[in-house]
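Here's the structure, in structure tokens; my notes come after.
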Amino acid sequence: MSAGRLSIGDPSATESVDKGPLLRIDGLSVEFRTSDGVVRAVTDVSLSVDAGEIVAVVGESGSGKTATAMSVLRLLPDTATVEADAISFRGADLRALSARELRKIRGGPVGMIFQDPMTALNPVMTVGAQVAEAVLLHQNRPDKRAAWDRAVELLRLVGVPDPAQRVRQYPHEFSGGMRQRAMIAMAIANNPDLIIADEPTTALDVTIQAQVLALLKKAQAETGAATILITHDLGVVAELADRVVVMYAGRVVETAGVGEIFAAPRHPYTKGLLASLPRMDVDVDQLDPIPGNPPNMADPPAGCAFHPRCPLARDRCVTERPALVEIGPGRTSACHFHDELAVTP
């Protein structure tokens, strides 16, 4: 069996054929123990990703995007408590895997692009050694020479100039954009079925962002991998995503296809995110930001968590939390008054 196509669980087992989603998360909740008390970072989140699909998870900082993604591979710190009805990959329950079995999944069938490549990369190992290590860990018969050659090939694939020389350099000798390219190389090293990209363009200038986005498209095309794209940048979403999951205060508040989200948002928070974006086709004097601040998740507001900032808020919103309901094919919204946002012909 080739790298990146490992069986889950018993290494001698054959790969199961599953007709459901590639990744399925049901009823996920995450709490963190802090000096200020328990922070409920994620509450009852469910989402799925089909093979080859790019799903963007969108929201402000603190909305629970990263905690949701990190829960899949059990990468959260010991201060976190994770509960879920199901976290399955290719039909197998990831919660039931041992630490050893899970290591076969991380960096193999599931690749991870972390938010900050400077802290994600080991500063005392060369970039080539780190990329080669990602390959070696998933070889049935470790071959250091082949892994090193693969590292050079991967850096060439992601556009690092003179890769045969750059593999011998350390992370501090790479620019921010080049470090991100190295992280992408590691994520796709073993031909994954799923790539989790956590804010892949954060802290990069606009030109480098465009290059990284083009590279993510290329990586997805090369591997055929499904992708979870975690971002607060709706420009990135428009460029890459097939479907969008909008999160606020640790909950999913809207899901839809990318075209529907931009054309007709059905949650006030999504509408506020879009209204705060600069647009080339509309002449405005100033942007329209969402008022107020995200809630303190150690003491979130009652009812709908968005009601203190919401232009549609009424008495019902203060006391009753809206359920996430289906409002159309492939569309959901968690707003008591989502009908008021419907676009009429």
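The figures that follow rest on heavy atoms only: side chains count, while hydrogens, waters and symmetry mates do not.
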If you measure from [atom1] on [X] to [atom2] on [Y], what distance do you get to the nearest 0.5 Å?
{"X": "Thr223", "Y": "Ile188", "atom1": "OG1", "atom2": "CD1", "value": "6.5 Å"}
{"X": "Arg243", "Y": "Leu47", "atom1": "CZ", "atom2": "CG", "value": "7.5 Å"}
{"X": "Met70", "Y": "Leu76", "atom1": "CE", "atom2": "CG", "value": "7.5 Å"}
{"X": "Met186", "Y": "Leu155", "atom1": "CE", "atom2": "CG", "value": "10.0 Å"}
{"X": "Thr66", "Y": "Met247", "atom1": "OG1", "atom2": "CE", "value": "9.5 Å"}
{"X": "Gln180", "Y": "Gln115", "atom1": "CD", "atom2": "CD", "value": "9.5 Å"}

Does the [X] side chain pair with the main chain of [Y], one donor and one acceptor, at a distance under 3.5 Å?
{"X": "Asn190", "Y": "Gly107", "result": "yes"}
{"X": "His307", "Y": "Cys304", "result": "yes"}
{"X": "Arg24", "Y": "Ala86", "result": "no"}
{"X": "Gln220", "Y": "Gly52", "result": "yes"}
{"X": "Lys218", "Y": "Leu157", "result": "yes"}
{"X": "His138", "Y": "Arg106", "result": "yes"}
{"X": "Arg33", "Y": "Thr81", "result": "no"}
{"X": "Ser29", "Y": "Asp44", "result": "yes"}
{"X": "Lys217", "Y": "Val212", "result": "no"}
{"X": "Asp205", "Y": "Ile208", "result": "yes"}

[Y] side chain reached by [X] side chain, heavy atoms, under 4.5 Å:
{"X": "Arg40", "Y": "Pro300", "result": "no"}
{"X": "Val244", "Y": "Ile261", "result": "yes"}
{"X": "Thr126", "Y": "Gln169", "result": "no"}
{"X": "Ile105", "Y": "Leu73", "result": "yes"}
{"X": "Glu83", "Y": "Glu31", "result": "no"}
{"X": "Leu229", "Y": "Pro200", "result": "yes"}
{"X": "His232", "Y": "Val58", "result": "no"}
{"X": "Val245", "Y": "Val55", "result": "yes"}

**Message:** As a quick check of understanding, evaluate side-chain contact (heavy atoms from CB on, under 4.5 Å) for Ile113 and Ile195, giving each step before the final call.
**Reply:** CA-CA 7 Å; Ile113 303 170; Ile195 297 172; 3.9 Å; yes
**Message:** Tell me whether Arg309 forms a cation-pi arrangement with Tyr269, defined as NZ or CZ under 6.0 Å from the six-membered ring centre and within 45 degrees of its axis.
**Reply:** no
Which heavy atom of [X] sits nearest a heavy atom of [Y], and at what distance?
{"X": "Pro265", "Y": "Leu274", "answer": "CG-CD1, 3.8 Å"}
{"X": "Gly27", "Y": "Ser46", "answer": "N-OG, 2.9 Å"}
{"X": "Pro192", "Y": "Ala187", "answer": "CG-O, 3.4 Å"}
{"X": "Asp233", "Y": "Thr231", "answer": "N-OG1, 2.9 Å"}
{"X": "Ala69", "Y": "Ile196", "answer": "CB-CG2, 3.8 Å"}
{"X": "Gln130", "Y": "Pro171", "answer": "NE2-CG, 3.8 Å"}

**Asked** Can Val127 and Tyr170 be said to form a side-chain contact (heavy atoms from CB on, under 4.5 Å), step by step?
**Response** CA-CA 6 Å; Val127 170; Tyr170 291 86; over 6 Å; no
**Message:** Would Glu153 and Arg150 count as a salt bridge (charged side-chain N to carboxylate O under 4.0 Å, His left out) here? Give the steps.
**Reply:** CA-CA 5 Å; Glu153 175 192 348; Arg150 174 66 170 157; 3.1 Å; yes
Do the side chains of [X] and [Y] join up, straight or via other hydrophobic residues, at under 4.5 Å, putting them in one cluster?
{"X": "Ile327", "Y": "Val258", "value": "no"}
{"X": "Met112", "Y": "Leu137", "value": "no"}
{"X": "Val158", "Y": "Leu121", "value": "yes"}
{"X": "Val325", "Y": "Val246", "value": "no"}
{"X": "Leu23", "Y": "Leu75", "value": "yes"}

Check whether more than 12 heavy atoms from other residues, nucleotides or ligands sit under 6.0 Å from atom [atom1] of [X], and answer yes or no.
{"X": "Arg95", "atom1": "CZ", "answer": "yes"}
{"X": "Arg316", "atom1": "CZ", "answer": "yes"}
{"X": "Asp162", "atom1": "CG", "answer": "yes"}

**Message:** Which label fits Tyr248 and Phe306: parallel for a plane angle under 30°, tilted from 30 to 60°, or perpendicular past 60°?
**Reply:** perpendicular
**Request:** Show the numbers, then the answer: is there a side-chain contact (heavy atoms from CB on, under 4.5 Å) between Thr68 and Val57?
**Result:** CA-CA 9 Å; Thr68 297; Val57 183; 5.9 Å; no
May I ask you to decide whether [X] forms a salt bridge with [Y], counting only side-chain N to carboxylate O separations under 4.0 Å?
{"X": "Lys104", "Y": "Glu101", "value": "no"}
{"X": "Arg166", "Y": "Glu173", "value": "no"}
{"X": "Lys271", "Y": "Glu340", "value": "no"}
{"X": "Arg145", "Y": "Asp143", "value": "no"}

**Request:** Would you sort out whether His338 and Leu341 count as a side-chain contact (heavy atoms from CB on, under 4.5 Å), showing the intermediate values?
**Result:** CA-CA 5 Å; His338 60 80; Leu341 297 174; 5.5 Å; no
**Sole residue of Arg331, His267, Arg266 in side chain to side chain donor-acceptor pair (under 3.5 Å) with Glu254** = Arg331
